[in-house]
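Values reported hereafter were calculated over all heavy atoms of this structure, with side chains retained and with hydrogens, waters and symmetry mates removed.
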Amino acid sequence: MKKAVIILIVALSMATTILAQTKTQNEAKLKAAIIALDRSGWEAWKNKDVKWFKNNTTDGFMTSSDGGLISKAEVIKSTPTECQVKSYSLDNFKFVILNETAVLLTYTVLQDAVCSGNKIPAKVRASVIYVKRGGKWLEAFYMDATIE
């Protein structure tokens, strides 16, 4: 009887460890995929690729920064003409799973760009919410704040 109890305890401990490792691995894969998606969005902005914004944001997508609140339609309309992006770099990523279909990604951005004739802040803290729709992760909200 003691031997059976010990075997059961060991089996349960191993199962718990395996499940925890699988969850951690899945979270790491999701984090890497979301960061890659977000980086592709930055490249699209730099390269004035409107298609990325059409295909990778929700219909209700909104962005908020020093320039105010902007809708998906406004982003698509302004992307080809508004900004000249010389360079950008993303760093210091933080990732939070909000639920099965929503995640939050934050990071710092160093950027050299001019939008609507004005130099935009060189350093910002970005916060992005991605949601899963139809099996695909889409950007739902982007916000940044200047870091001095």
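Within the 4.5 Å cutoff, the side chain of Leu138 has no heavy atoms near those of the Thr57 side chain. A heavy-atom distance below 4.5 Å is not found between the side chains of Gln111 and Ser87. Looking only at side-chain heavy atoms (C-beta outward), Val131 and Thr58 come within less than 4.5 Å of each other. The side-chain heavy atoms of Asn56 and Lys136, taken from C-beta on, include a pair separated by under 4.5 Å.
Sorted by first then second residue, the disulfide (SG to SG under 2.5 Å) pairs that include residues 117-148, not counting sequence neighbours, number zero. Listed by first and then second residue, the disulfide (SG to SG under 2.5 Å) pairs that reach into residues 24-63 come to none, sequence neighbours excluded. Within the structure, every pair that satisfies the disulfide (SG to SG under 2.5 Å) test and touches residues 101-136, not counting sequence neighbours, is listed here: Cys83-Cys115. Applying the salt bridge (Lys or Arg N to Asp or Glu O under 4.0 Å) rule to pairs touching residues 105-126 yields Asp112-Lys119, sequence neighbours excluded. Residue pairs meeting the salt bridge (Lys or Arg N to Asp or Glu O under 4.0 Å) criterion with at least one member in residues 31-52: none, sequence neighbours excluded.
Expressed to the nearest 0.5 Å, how far CG of Asn55 lies from CD of Glu139 amounts to 13.0 Å. Atoms CD1 and OH, on Ile120 and Tyr88 in that order, are 12.5 Å from each other to the nearest 0.5 Å.
Scanning all heavy atoms of the two residues, the minimum distance from Gly41 to Phe53 falls at O-CZ, 4.0 Å. Across every non-hydrogen atom of Ala126 and Val109, the tightest pair is CB-CG2, 4.1 Å. Across every non-hydrogen atom of Phe141 and Phe61, the tightest pair is N-CD1, 4.0 Å. Considering all non-hydrogen atoms of both residues, Met62 and Leu69 come closest at CE-CG, 3.2 Å.
In this structure, the side chain to side chain donor-acceptor pair (under 3.5 Å) partners of Ser40, at least two apart in sequence or on a different chain, are Trp52. Legend: residues meeting ring-ring contact (aromatic ring centres under 6.0 Å, His included) with Trp45, ordered by chain and number and at least two apart, are Trp42. Qualifying side chain to side chain donor-acceptor pair (under 3.5 Å) partners for Ser116, counting only residues two or more places apart in sequence or in other chains: Glu82. The side chain to side chain donor-acceptor pair (under 3.5 Å) search around Thr63 returns none, not counting sequence neighbours. For the side chain to side chain donor-acceptor pair (under 3.5 Å) test, no residue two or more places apart in sequence or in another chain qualifies with Ser127.
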In a table with atom names and distances, give each donor-acceptor pair under 3.5 Å that connects a side chain of residues 90-103 to protein atoms at least two apart or in another chain.
from, atom 1, to, atom 2, distance (Å)
Asn92, OD1, Lys94, NZ, 3.3
Asn99, OD1, Thr101, N, 2.8
Asn99, OD1, Thr101, OG1, 3.2
Asn99, OD1, Ala102, N, 3.0

